[in-house]
Each structure stands twice: as C-alpha cells, then as structure tokens.
Chemist: 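Starting off with a structure, shown below.
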Amino acid sequence: MQLKLHMVTIEDLMPQEHFLRKLEAALDLSFVYEETSPLYSRKYGRPPIDPVVLVKYLLVGFLYGIPSERQIEQRVQTDVALRWYLGLDLFDRVPDHSTISQLRRRKPSFRKVFRRLFEEVVRQCVAAGLVSGRLAVTDSTHVKANASQASEELVEMPEEAGVYWERLDAYEEEGLEELERRTGKRRKKRTKQIKRDNRRSKKRVSRTDPESGHMKRPGKPEGPHYLSHQTLDGDYGIITGLTVTPGDVYDSVPYLDQLEHIHQSVIPIQAAAADSAYDFPLAHRVLEEHGIDFYVRPQAVYDRTQVEFKRDAFRYDQEKDRYICPNGKTLRAKRLYRSDSGLFWEYWAEREDCRACPLREKCLSANDRQGARKLSDSYFKPSVQRHLSRWKEPDYKQALKQRQIWCEGTFAIQKRCHNLTRVLRRGLEAAEDHCLLSATALNLRRMIWAIT
C-alpha cells in the first residue's frame, strides 16, 4: 500500500463560504471573559479551558441540533468545520464532555453567560436593523422535562397572592377613589391578601424534577413539562424576549413583565399581538398606558348563571354607567370587587325593585341570598373595548396572522433543528439555559442569513 503525504492546514480544509466562517466574523464573544473572570484563579490550579471555547462548544450543539454534550464531543472530533470554529487544530484534543458537567457543578454562576449571550445577539440584531419594534408577537411552547408522569404525586399548594397582586394595588386605590366620588362611601384600604381558591388546593408535582409543572391542555401531551414563553419581532422573526416557567403556569403570567422589559431595555414596541390565552383585562390597560396597540384574539365568554335572563338581556347605558334590566329597572355600580388576579365593578339592582318584579323567577335563582340581581364588569373594560372594537379590521387580522406564522413557525424550527423538544437536565435554571441557547441559535441563523 502506498501512502501520500499532504501538506495542509485546517484553514485550507475550511470552506470559505461556510456558515461558521460568517458566524465567527459576525459574533464577538469577548464579553465571555468579562462575565467569567471572577470564576477563575490566576494563581492556583491547572490552566483552564478557554471559556469562549466552552460557550462555542455548547452553541454548536444547538446550531446543529446535537442533543447531548457526549455527542458534541464525538462530532467535533471528526468535523473539521467545528474544530475550526472552536479554534482547535487537526490534532488538538477536544474538550471532554464531562468538563461541561463539572463546570455546571462547580461554577453554577457560569450560567449567567447564556443570558448575556442571548442579549448580546439581540443587541446585534437591533443594531443591524433586523428588529424594529413595529409588532411584537408572543406565544409559548411546551418542552418535555426529564421526568416521567409516573413520578408525579399530589401535593398541597402553598397559599400565596396572584402574580399581578402588586400591580392591582395601584388600580384598586384608583378605583376606590372613583367609587367614593360616585357613592360618597369609601371602604378601608385592603391590608390582607386574598385567600387561595379552595377548589384548587393540590397540584401534581414530579418527585424526579419538582421544579417542572404538570401540563394538561387540549391537544398537548400530558405530564411534567416546562414552558418557553417567547416574544419575537415581526420583521425578521428575531426572538427578543424569553422566559421559562413550569408547565402548569398560565401563559398570561410572565407576559407583561416580558413585554415591559423589551419595551424599556431592548427597543420600544409599537404594537403587540397574541392569541386568546393573553386576552386578560389587565394586559389591555397596561399596554395602553405604554402606548402599545394590542392585537389579541378575544377569549370566548360563557355565562354560567342558572337563570333564564342571561347578561345579554341587560342593556348597558354608557353615558350614565348603569345597566337596565328587562323590567326597566336600574343596576348601579355599588362595589369594587378584588379577586386574586382581577378587579371588577359590581352593579346591583335595588332589593325593593327585585322583590316586586314580575320577572323575578327568570332573573334570580331560587336559592339566591342577596335578593337582588348583580352584574360584574372588569375595571379595565374601557381599555378592553377600545382594543377589541377593531377586531374585524384588516390590520388587526393581519397582525394575528403574523403572530401565527412567526410563533408557530419558529417553534417548529426550534423543535426540529435546535433541541427544543426536551431538556436533558433537571431544574428550572437548567431548562432556562437550554431554551436560551436554542433561541440564540435560531437568532444567529436568521441574523447571518439577513446580513450576508
């Protein structure tokens, strides 16, 4: 057998138009040294592996859909392009996959690099004109936790206030002043939190990964999951905001904080679009105050009262802010009701009117204790009506269509190409790292495609 001697370098073997060449030229990772400098000793221990190499090591796994560190190591050993990107020569040793495991165990604060990496890529996209803020679209997708449904058990739910409790305090105070102006009466300011709903006193928690959440939604797989809540810009589909929660958290919970962060720290948002899961009254009011147009698919409304006269039978007099019942009597706002995550005006009829009403049996149930008909309206109803009154307009429908295309399409790509199907490690922090790297990989793909 005759062998040939070739004089080549890894630079010669790396194609000039390769994606990783473009990525190396576009992405500056020097900030990694700044973020990790407190984690390494300059006096003691063996020389560490370059932290930029470790970040690239994990990043290529998500760029090319390689699901585990062990498989990344095997791929880098044989792939010249990956060796070139990591700065390894043909015969340099590839970092062992266990190095990443030990890094997580010994230096857990290293994980802040992933959030900074995501933010730096978004900043570059903004600077390149790929993010305009004209339309921010939001949705969530489920990510399978590394736990089985058989590991779940029922546990008692802790008693705590709703996520929007503090936000509602200021609006409640505003509403109480308005109520005093209308009725001349003023109740004391609330000092105690509302007790939890006893109908949901327990929830399913995995013993294997207790920080995941039991997801049970129509058309979705059931079991322990995490949710990746993502907001994208409607121009090039760049992911500008990401929050990870357990799988049993409602989509509306992280929404306002995420949008406000983007609006104040990334780029001003002109309009936001979301599906019906985000149609809650507080969102309409808060976004209106920020000057953000809100395009949301209205939620279906169900009247569960066990009487013949439903809410539709009552006519609202907007000028005098009152309801007129089928018998011509008036229901006026008499109380501001606070729930765990909402604020409502209560409109009451007079007991004398209801007692003598010939339609009483159709309007009040037999076991009614109040003796008068009551209707509730959200305190934020004016903002809701201003947004939803445009529901049939072409630009409203176009915004919802863009949301569906960008959000659903992006989730499909991430699950197929960027490891968003499931997380291999356990815990909320690990799930957030995983989702951040997946989103960063997608943003880099779209950024390189757009600028080259």
Side-chain angles (χ1 to χ4, degrees), residues 20 23-63 66 68-70 72-73 76 82-89 92-127 146 209-211 226 228 239-245 254 257-258 260-262 264-266 418-419 423-444 447:
L20 291 178
L23 178 60
E24 180 68 13
L27 181 62
D28 181 12
L29 291 174
S30 59
F31 71 88
V32 174
Y33 297 115
E34 173 192 339
E35 291 285 345
T36 60
S37 59
L39 305 178
Y40 295 92
S41 173
R42 297 184 178 182
K43 294 183 179 180
Y44 307 104
R46 294 178 295 175
I49 297 174
D50 190 330
V52 170
V53 173
L54 296 178
V55 171
K56 288 182 174 180
Y57 187 91
L58 289 171
L59 186 56
V60 296
F62 284 83
L63 282 168
I66 309 171
S68 70
E69 284 91 18
R70 189 184 295 270
I72 295 173
E73 179 189 357
V76 174
L82 298 186
R83 277 182 171 272
W84 180 91
Y85 182 63
L86 267 64
L88 303 175
D89 208 343
D92 287 346
R93 185 186 175 198
V94 178
D96 194 272
H97 64 274
S98 64
T99 302
I100 303 297
S101 301
Q102 292 301 321
L103 182 71
R104 294 191 183 104
R105 185 175 68 85
R106 298 179 182 181
K107 296 181 173 68
S109 57
F110 189 91
R111 63 177 301 272
K112 67 181 180 180
V113 171
F114 305 128
R115 173 60 70 174
R116 176 75 182 276
L117 174 62
F118 172 77
E119 291 172 350
E120 285 292 323
V121 172
V122 172
R123 183 189 60 79
Q124 282 193 238
C125 291
V126 173
N146 189 3
D209 186 0
E211 293 187 16
Y226 289 97
S228 178
I239 302 170
T240 54
L242 186 147
T243 307
V244 179
T245 65
D257 287 339
Q258 187 176 97
E260 285 178 332
H261 171 73
I262 297 170
Q264 296 164 4
S265 304
V266 180
H418 302 300
N419 297 344
V423 294
L424 298 181
R425 296 183 294 125
R426 292 165 182 158
L428 186 60
E429 290 186 350
E432 183 175 303
D433 294 345
H434 189 100
C435 294
L436 282 170
L437 283 168
S438 178
T440 301
L442 181 86
N443 281 349
L444 287 171
M447 182 181 75

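Values reported hereafter were calculated over all heavy atoms of this structure, with side chains retained and with hydrogens, waters and symmetry mates removed. In this text the structure is predicted, and so the values were computed from the model without any measurement.
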Chemist: Can Asp96 and Thr99 be said to form a side-chain contact (heavy atoms from CB on, under 4.5 Å), step by step?
Modeler: CA-CA 5 Å; Asp96 194 272; Thr99 302; 4.0 Å; yes

Chemist: Taking CD in Glu35 as the centre, count heavy atoms belonging to other residues, nucleotides or ligands within less than 6.0 Å. Is the count above 12?
Modeler: yes

Chemist: Closest approach of Val32 and Thr36, non-hydrogen atoms and distance?
Modeler: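 Minimum heavy-atom contact is O-OG1, 2.7 Å.
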
Chemist: Salt bridge or not between Glu120 and Arg123? Use side-chain N to carboxylate O under 4.0 Å.
Modeler: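 A salt bridge links Glu120 with Arg123.
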
Chemist: Look up atom CD in Glu211 and atom CD in Glu429, then write down how far apart they are to the nearest 0.5 Å.
Modeler: 7.5 Å

Chemist: Any salt bridge (Lys or Arg N to Asp or Glu O under 4.0 Å) pairs touching residues 25-34, not counting sequence neighbours?
Modeler: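 Passing the test, one end in residues 25-34: Glu34-Arg116.
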
Chemist: What distance do Ile66 atom CD1 and Tyr57 atom OH have between them, rounded to the nearest 0.5 Å?
Modeler: 9.5 Å

Chemist: Does a side-chain heavy-atom distance below 4.5 Å link Ile239 with Phe118?
Modeler: yes

Chemist: Is any side-chain heavy atom of Leu88 closer than 4.5 Å to one of Pro95?
Modeler: yes

Chemist: Using side-chain heavy atoms (C-beta onward) and a distance below 4.5 Å, is Leu59 in contact with Tyr85?
Modeler: yes

Chemist: I need the minimum non-hydrogen distance between Arg426 and Asn146, along with the two atoms involved.
Modeler: NE-O, 2.9 Å

Chemist: Can you sort out the partners of Arg425 under side-chain contact (heavy atoms from CB on, under 4.5 Å), two or more places apart, ordered by chain and number?
Modeler: Arg104, Ala430, Asp433

Chemist: Output the distance between atom CG (Leu27) and atom CG (Asn443), rounded to the nearest 0.5 Å.
Modeler: 11.5 Å

Chemist: Does Arg115 reach the side chain of Leu436, with side-chain heavy atoms less than 4.5 Å apart?
Modeler: yes

Chemist: Say you draw a straight line from CG of Leu86 to CG of Leu54; how long is it, rounded to the nearest 0.5 Å?
Modeler: 9.0 Å

Chemist: My understanding is that only residues two or more places apart in sequence, or in another chain, count here; which of them pass side-chain hydrogen bond (donor to acceptor under 3.5 Å, both in side chains) with Arg106?
Modeler: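 If we apply the side-chain hydrogen bond (donor to acceptor under 3.5 Å, both in side chains) test to Arg106, skipping adjacent residues, the hits are Gln102.
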
Chemist: Can you name the side-chain hydrogen bond (donor to acceptor under 3.5 Å, both in side chains) partners of His261, sequence neighbours left out?
Modeler: none

Chemist: What residues, two or more places apart in sequence or in another chain, satisfy ring pair (Phe, Tyr, Trp, His ring centres under 6.0 Å) together with Phe62?
Modeler: His434

Chemist: After noting the C-alpha distance and the side-chain angles of Asp209 and Val423, does the key distance pass the side-chain contact (heavy atoms from CB on, under 4.5 Å) rule?
Modeler: CA-CA 11 Å; Asp209 186 0; Val423 294; 5.6 Å; no

Chemist: State, with a plain yes or no, whether a side-chain heavy atom of Ile72 is found less than 4.5 Å away from one of Ile100.
Modeler: no

Chemist: Calculate, to the nearest 0.5 Å, the distance between atoms OG1 and CG belonging to Thr440 and Leu58 respectively.
Modeler: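 Reported to 0.5 Å precision, the distance equals 11.5 Å.
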
Chemist: So which atom in Ser109 and which in Leu39 form the shortest heavy-atom distance, rounded to 0.1 Å?
Modeler: OG-CD2, 3.0 Å

Chemist: Check the pair Asp89, Arg83 against side-chain contact (heavy atoms from CB on, under 4.5 Å), reporting the backbone distance first and the verdict last.
Modeler: CA-CA 7 Å; Asp89 208 343; Arg83 277 182 171 272; over 6 Å; no

Chemist: As an exercise, state the distance from CG of Leu63 to CG of Leu20, rounded to the nearest 0.5 Å.
Modeler: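 If I round to the nearest 0.5 Å, the distance is 7.0 Å.
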
Chemist: Compare every heavy atom of Phe31 with every heavy atom of Val113, then report the nearest pair and how far apart it is.
Modeler: O-CE1, 4.3 Å

Chemist: Any donor and acceptor pair, going by atom type alone, linking the side chain of Glu432 with main-chain N or O of Val244 inside 3.5 Å?
Modeler: no

Chemist: Between Ser438 (side chain only) and Asn419 (backbone N and O only), is there a donor and an acceptor less than 3.5 Å apart?
Modeler: no

Chemist: Residues in side-chain hydrogen bond (donor to acceptor under 3.5 Å, both in side chains) with Thr243, at least two apart?
Modeler: Gln258

